[in-house]
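Have a look at the structure below, then the notes.
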Amino acid sequence: MNRVLVLAVHPDDETLGCGGTLLKHKFNKDEIHWLIVTDIKKSDGFNQSAIEKRKIEINKVKKAFNFDSVTNLGLSTAKLDEYSMSSLIEKISSVINKVKPNIIYLPFKSDIHTDHKVVFNAAYSCTKTFRYPFIRKIYMMETLSETEFSLSTKDESFIPNMFVNISDFINKKIEVMKFYEGELGDHPFPRSIKNIKAIATFRGATAGCDYAESFVLIKEIK
């Protein structure tokens, strides 16, 4: 049995980036754990209605995936670059040490959103083998509306080298994504149902299946 941890910089990243893969992990009786880094707060200009709506969405998503644990660090969204790197590392490290995952999914290092870049750097610092020997596989995931807008250069482009067949889970992934109704839009908005299916179709064609999610494997220890 695997113990899996996904770092969602914002709620919905886990579903967009590896929702089908998480469902497949759960189907295979692996443990799946969800670390949400940011939250919306009144102090950042969000009203109580939006805050309550987000709590309801997160609870629905938690139940749909049947996560074994959910941790929300509650940091200010779109402001992670205002926190010290040492404080972010400490917060993320505490969760990793509690869960002790052998598989971890991180945002892509060059995602266009600054929050994603900051979280990757902090989280990757929490994967040193002499401090976190239980981590055996580290993946970066592809998150619509963030990953595809990174610079199209060799060092900044998302070039996947691992694919997961999610053909049996694509409908459930879309069903879960619909809980985030405020994050979805109509095509050609990047986070549309049409685009979610399109990228899964494209990655599936590479992997020889109907639908797939793709990742960059950045470390594997056997």
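The residues of the chain are indexed from 1 along the displayed sequence.
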Query raised in the report: Just by modelled atom types, is the K194 backbone N or O under 3.5 Å from a matching donor or acceptor in the K197 side chain?
Result: no

Report summary line: Here the gap from S125 atom OG to L88 atom CG, rounded to the nearest 0.5 Å, amounts to 10.0 Å

Query - Point-to-point distance, once rounded to the nearest 0.5 Å, from OG of S69 to NZ of K98 - result: 7.0 Å

**Report entry** Spacing of CG belonging to L144 relative to CZ belonging to F149, to within rounding of 0.5 Å
**Finding:** 9.0 Å

Please list, one pair per line, the donor and acceptor atoms closer than 3.5 Å that link side chains of residues 60-68 to other protein atoms, with sequence neighbours excluded.
from	atom 1	to	atom 2	distance (Å)
D68	OD1	K26	NZ	3.3
D68	OD2	K26	NZ	2.8
D68	OD2	I32	N	2.9

Requested in this report: For residues V70 and I36, determine if any side-chain heavy atom of one lies less than 4.5 Å from a side-chain heavy atom of the other.
Outcome: yes

Query raised in the report: Would E156 and S150 count as having a side-chain donor-acceptor pair, cut-off 3.5 Å?
Result: no

Query raised in the report: Can you name the closest pair of heavy atoms from V216 and I159 and give their distance?
Result: CG2-O, 3.4 Å

Query raised in the report: Which word best sums up how the rings of Y105 and Y139 line up, parallel for under 30°, tilted for 30 to 60°, or perpendicular for over 60°?
Result: parallel

Query raised in the report: Going from CG on L217 to NZ on K137, what distance comes out if it is rounded to the nearest 0.5 angstrom?
Result: 7.5 Å

Side-chain donor-acceptor pairs under 3.5 Å in residues 183-190, sequence neighbours left out?
from	atom 1	to	atom 2	distance (Å)
E183	OE1	R191	NH2	3.3
E183	OE2	R54	NH2	3.2

Query raised in the report: Mind checking whether E213 and R203 have side chains closer than 4.5 Å, heavy atoms only?
Result: no

Report task. Please assess M1 against K29 for the test side-chain contact (heavy atoms from CB on, under 4.5 Å), listing each intermediate value before the final yes or no. Result -> CA-CA 7 Å; M1 181 190 74; K29 310 214 180 294; 5.6 Å; no

Query raised in the report: If we only count heavy atoms from C-beta on, is the H116 to H10 side-chain gap below 4.5 Å?
Result: yes

**Report entry** Minimum heavy-atom distance between A122 and I92, given as atom pair plus value
**Finding:** CB-CD1, 3.9 Å

**Report entry** Expected output: side-chain N195 to main-chain A198 donor-acceptor under 3.5 Å
**Finding:** no

Query raised in the report: Hey, are S76 and D44 close enough side-chain-wise for a donor-acceptor pair under 3.5 Å?
Result: yes

Query - Nearest atoms (heavy-atom pairs only) where K42 meets I51 - result: N-CD1, 3.5 Å

Query raised in the report: Closest approach of M140 and K109, non-hydrogen atoms and distance?
Result: SD-N, 3.5 Å

Query raised in the report: Can you tell me if N28 uses its side chain to pair, donor with acceptor, with the backbone of D30 under 3.5 Å?
Result: no

Report summary line: Rounded to the nearest 0.5 angstrom, the OG1-CG distance for T114 and D81 is 6.0 Å

Query - Criterion side-chain hydrogen bond (donor to acceptor under 3.5 Å, both in side chains) on E142 and T147, from CA distance to verdict - result: CA-CA 6 Å; E142 184 175 28; T147 306; over 6 Å; no

Report task. Tell me whether F120 is reachable from V4 by hopping between hydrophobic residues (I, L, V, M, F, W, Y) whose side-chain heavy atoms are closer than 4.5 Å. Result -> no

Requested in this report: Run the numbers on D115 and V37 for side-chain contact (heavy atoms from CB on, under 4.5 Å), then give the verdict.
Outcome: CA-CA 9 Å; D115 280 358; V37 178; over 6 Å; no

**Report entry** K53 atom NZ, neighbour heavy-atom count above 12 within 6.0 Å
**Finding:** yes

Query raised in the report: Does the side chain of V9 reach to within under 4.5 Å of the side chain of T143, using non-hydrogen atoms?
Result: no

Query - same_hphob_cluster(L80, F108) at 4.5 Å side-chain heavy-atom cutoff - result: yes

**Report entry** F169 reachable from M162 in the ILVMFWY side-chain graph, under 4.5 Å edges
**Finding:** yes

Query - Cluster link I138 to F163, ILVMFWY, side chain under 4.5 Å - result: no

Report summary line: d(M177 CE, L16 CG) to nearest 0.5 Å is 4.0 Å

Requested in this report: Could you tell me whether K178 and E175 make a salt bridge, using a distance below 4.0 angstrom between a side-chain N and a carboxylate O?
Outcome: no

Report task. Over all heavy atoms of both residues, which pair between F215 and G17 is shortest? Give the atoms and the distance, please. Result -> CE2-O, 3.8 Å

Query raised in the report: Would a 4.5 Å heavy-atom cut-off, applied to side chains only, mark K173 and T15 as touching?
Result: yes

Report task. Would you check if K91 and L75 make a side-chain contact, meaning some heavy-atom pair closer than 4.5 Å? Result -> yes

Report task. Would you sort out whether I96 and I135 count as a side-chain contact (heavy atoms from CB on, under 4.5 Å), showing the intermediate values? Result -> CA-CA 9 Å; I96 290 177; I135 299 176; 4.1 Å; yes

Requested in this report: Any chance you could lay out the side-chain contact (heavy atoms from CB on, under 4.5 Å) test for L73 and V95, step after step, and finish with the verdict?
Outcome: CA-CA 9 Å; L73 297 182; V95 178; 4.2 Å; yes

Query raised in the report: Who pairs with N165 by side-chain hydrogen bond (donor to acceptor under 3.5 Å, both in side chains), at least two apart in sequence or on another chain?
Result: S167

Query raised in the report: Any side-chain heavy-atom pair from T21 and V6 closer than 4.5 angstrom?
Result: no

Query raised in the report: Counting heavy atoms not belonging to F134, are there more than 12 under 6.0 Å from its CZ?
Result: yes

**Report entry** Path from L7 to I89 over hydrophobic side-chain contacts below 4.5 Å
**Finding:** yes

Report task. Kindly indicate whether the side chain of S93, heavy atoms from C-beta on, has any atom under 4.5 Å from the side chain of Y132. Result -> yes

Query - Taking every non-hydrogen atom, the tightest pair across I199 and I196 - result: CG2-O, 3.4 Å

